[in-house]
Amino acid sequence: MCPTRFAGLLLILLTLAPSARSQPAPTPADRTASRPNILFVFTDDHTAQAIGAYGSRLNRTPRIDQLAIEGVRFDNCYVTNSICGPCRAVVQTGTYSHVNGVYHNRNALHPSQAVMPRLLQQAGYQTALIGKWHLQNDPAGYDHWEVLIGQGPYYNPPMIRNGQRVQHIGYTTDVITDLALAWLRDQRDPEKPFLLMYQHKAPHRPWDPSPRHLHLYEDETIPEPPTLLTHYGRRGTAARQQDMTIAETLDERDLKLVAPTELNDEQRAAWNAAYEPRNIRFREHPPTGVDLVRWKYQRYIKDYLRCVAALDENLGRLLDYLDEAGLAENTIVIYTSDQGFYLGEQGWFDKRWMYDISLRMPLLVRWPGVVAPGTFQDAIVSVLDFMPTFLEVAGAEIPTHLHGRSLVPLLRGERPADWRTTFYYHYYEYPGWHYVRKHYGVTDSRFKLMHFYEADVNEWELYDLKFDPDETHNLYGHPVYGPVQERLLAALKEWRTKLAVPESDPPESELRDFPHRTRIRTTMP
């Protein structure tokens, strides 16, 4: 049982109904009347450190926090492969990368697989996908879809609507919300329950703010993470070989010393009015060394948080519409992101690692009448669990090949006795952006064992997150942690066997060495 701020016994008793899998099959009329709508809010690189409900020291997110106040916050939700395309493939298929075939961002998701929206269609749901897709092919199983082309720009995005290219004018976070609201108001079938995949580009690199947020935080100094200027402790070779530091990797475009090319005249005027005075000051009195790192951090983090501000506002627009349309009481709202993200910790940005900051995804769920408001859940859950959860909610059969399991018992406040106590992770994309080495591992949420397994970097790392939350002191081989190490090695072997993980990775013909863009170099003392 998860701890709760509001110990409403009656509410809990009302929600302890048998799972959908054990219920008699509902008739079409019953299912239309009783099954909830599903609004899946999927952001890109929005990490828990930048969400008020997770204790952010950096920003305020009142509309996202509303979901935590009215629902449940999951504290140990993990991604299987911390990079955009692979995580999105898991949402669609409920399986790890080695089964769904999306190991990295250049793999397409084969549409012949049993994908979640198609199974929901068969169960009588109307399905729609609006926003970022990023899976190299057309979405399958959606009655309506309108998606960005690849990563898409932050301004004036061209999109593909049911196979046809359309051009939009405006800020992309606003555009995606406008399209989602238009579908809810005018295009959905009110006689059917719906699945709406409301998927944002923000706050992905290069973190371009909306015109209304260009001056947000301008006169503030955002707190630095304590490890911004530290090195890599007792981490191994992989941590030292990466290319994702604020000091060295951020380029002129990231730092807004170069403007986006897709701006129209009005947008460019607002952009230049905001950034040019700051850039002039930077060029006239350029900082160096540690001061330059700190300048880069402030420029980066403020733009990232400005993008989050637009997300929060736009989520509020959708939540307000659900209230106005009388849909809120019968709609599950799920807020998550495709992985965690570094906001200067260890001097880094980006994701990819099994280290907790990129492994851990935010997950907030509001389900009126089922989820007790203001609750917390520390069970190990995963992006793998979204598909079986949606299928159980829909009263649909859950395929036996899925690697996750339904979260419905946890949402009701129950934890099955056989719930997972460890979790397997696997990252494949090397060589690639940021040069993070291939690795796999297992965690029980306190201890973590990782194996970097390439021939030239064949190293193990072990961390105790209770005493080393920054994961800088590798304990592998330490005699005091011998029993923990042996237990996690056994769990790792068990997971790889259970999941039938191939001993060798697929050919790397689609991976290549990536050139660096122009950077503002830092010479550290």
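This chain uses plain numbering: 1 for the first residue, then up along the sequence.
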Handout entry: N314-D174 side chain donor-acceptor pair, cut-off 3.5 Å
Key = yes

Fill in the blank from the handout: Note: M116 and M197 closest approach over all heavy atoms is CE-CE, 3.9 Å

Handout entry: Q66 versus R63, side-chain donor and acceptor atoms under 3.5 Å
Key = yes

Problem - Pairwise side-chain contact, W348 with I357, heavy-atom cut-off 4.5 Å (strictly under) - result: no

Practice task
Say whether, by atom type as modelled, one donor and one acceptor occur between the side chain of T80 and the main chain of Y425 under 3.5 angstrom.
Solution key: no

Handout entry: Under 3.5 Å side-chain donor-acceptor pair for Y198 and T177
Key = yes

Problem - H110, NE2: over 12 other non-hydrogen atoms inside 6.0 angstrom - result: no

Handout entry: Heavy-atom donor-acceptor pair, H434 side chain to D243 backbone, under 3.5 Å
Key = yes

Practice task
Using side-chain hydrogen bond (donor to acceptor under 3.5 Å, both in side chains) as the criterion, point out the one residue from Y430, Y428, Y103, Y453 that pairs with D505.
Solution key: Y453

Completion exercise
Between A114 and H401 the two heavy atoms that sit nearest each other are CB-CE1, 4.2 Å

Practice task
Take the angle between the ring planes of Y427 and H439 and call it parallel below 30°, perpendicular above 60°, tilted in between.
Solution key: tilted

Problem - Short side-chain donor-acceptor distance under 3.5 Å, D45 and Q339 - result: yes

Completion exercise
CD1 of I380 to CH2 of W419, rounded to nearest 0.5 Å, is 10.5 Å

Exercise for the section: Any chance you could measure L184, atom CG, to L322, atom CG, to the nearest 0.5 Å? Expected result: 7.0 Å

Problem - Ion pair D254/R205, N-O distance below 4.0 Å - result: yes

Practice task
Give a yes or no answer on whether the side chain of T43 reaches the backbone of H200 with a donor-acceptor pair at less than 3.5 Å.
Solution key: no

Exercise for the section: Check whether the ring centres of Y171 and Y155 lie less than 6.0 Å apart, and answer yes or no. Expected result: yes

Handout entry: Any side-chain heavy-atom pair of I332 and R366 under 4.5 Å
Key = no

Handout entry: Side chain proximity check, T93 to V99, heavy atoms < 4.5 angstrom
Key = no

Handout entry: Aromatic contact, Y96 with W495 (centres under 6.0 Å)
Key = no

Problem - Residues D468, K448: salt bridge by 4.0 Å N-O rule - result: no

Problem - Crowding at CD, E397 (>12 non-hydrogen neighbours, <6.0 Å) - result: no

Handout entry: T47 side chain to G340 backbone, donor-acceptor under 3.5 Å
Key = no

Handout entry: CZ (R446) with more than 12 external heavy atoms under 6.0 Å
Key = yes

Problem - L489 side, atom CG; H451 side, atom NE2 - distance, nearest 0.5 Å - result: 10.0 Å

Handout entry: Sub-4.5 Å side-chain heavy-atom contact between Q92 and M387
Key = no

Problem - Ring geometry between Y440 and H426 (parallel below 30°, tilted from 30 to 60°, perpendicular above 60°) - result: tilted

Practice task
State whether K201 and D208 are salt-bridged, where the test is any N-O pair (Lys NZ or Arg NE/NH1/NH2 against Asp/Glu carboxylate O) under 4.0 Å.
Solution key: no

Problem - Lys/Arg-Asp/Glu bridge criterion (N-O < 4.0 Å) met for D303, R306 - result: yes

Problem - Backbone of Y463 reached by a side-chain donor or acceptor of Y481 within 3.5 Å - result: no

Practice task
Verify the neighbour count for atom CD of E494: are there more than 12 heavy atoms of other residues, nucleotides or ligands below 6.0 Å?
Solution key: no

Problem - Check: Y304 ring centroid to F349 ring centroid under 6.0 Å - result: no

Practice task
Enter the distance from L195:CG to F390:CZ here, rounded to the nearest 0.5 Å.
Solution key: 6.5 Å

Practice task
Run the numbers on N76 and R360 for side-chain contact (heavy atoms from CB on, under 4.5 Å), then give the verdict.
Solution key: CA-CA 7 Å; N76 291 309; R360 192 183 302 269; 2.5 Å; yes

Exercise for the section: Measure the CG-CD distance between D65 and E70 for me, rounded to the nearest 0.5 Å. Expected result: 11.0 Å

Exercise for the section: Report yes or no: does T249 contribute a side-chain atom to a donor-acceptor pair with the main-chain N or O of T245 at less than 3.5 Å? Expected result: yes

Handout entry: Gap separating the CG atom of D385 from the CZ atom of R420, nearest 0.5 angstrom
Key = 4.0 Å

Handout entry: Side-chain heavy atoms of Q242 within contact of W353, under 4.5 Å
Key = yes

Handout entry: L499 backbone acceptor or donor facing H98 side chain under 3.5 Å
Key = yes

Exercise for the section: Tell me whether the guanidinium CZ or amine NZ of R235 lies under 6.0 angstrom from the six-membered ring centre of Y355 and within 45° of its axis. Expected result: yes

Handout entry: Check: Q377 and R415 side chains under 4.5 Å, non-hydrogen atoms
Key = yes

Handout entry: Identified salt bridge (charged side-chain N to carboxylate O under 4.0 Å, His left out) partner of R437 from the options E454, E459, E461, E429
Key = E454

Practice task
Would you mind checking if R487 and D444 are paired as a salt bridge, meaning a charged N to carboxylate O distance below 4.0 Å?
Solution key: yes

Handout entry: Any P225 side-chain heavy atom under 4.5 Å of L228 side chain
Key = yes

Handout entry: Nearest heavy atoms of F194 and T331, plus distance in Å
Key = CZ-OG1, 4.4 Å

Practice task
Output, in order, the C-alpha distance, side-chain angles, deciding distance and verdict of side-chain contact (heavy atoms from CB on, under 4.5 Å) for F423 and L384.
Solution key: CA-CA 11 Å; F423 181 78; L384 292 162; 4.2 Å; yes

Exercise for the section: Please step through side-chain contact (heavy atoms from CB on, under 4.5 Å) for the pair L364 and Y54, ending with a clear verdict. Expected result: CA-CA 10 Å; L364 305 170; Y54 282 92; 3.9 Å; yes

Handout entry: Steps toward side-chain contact (heavy atoms from CB on, under 4.5 Å) verdict (D44, Q151)
Key = CA-CA 10 Å; D44 194 319; Q151 181 61 47; 4.1 Å; yes

Exercise for the section: Verify whether one side chain among S97 and N81 offers a donor that lies under 3.5 Å from an acceptor in the other. Expected result: yes

Problem - Min side-chain heavy-atom separation Y125-R35 under 4.5 Å - result: yes

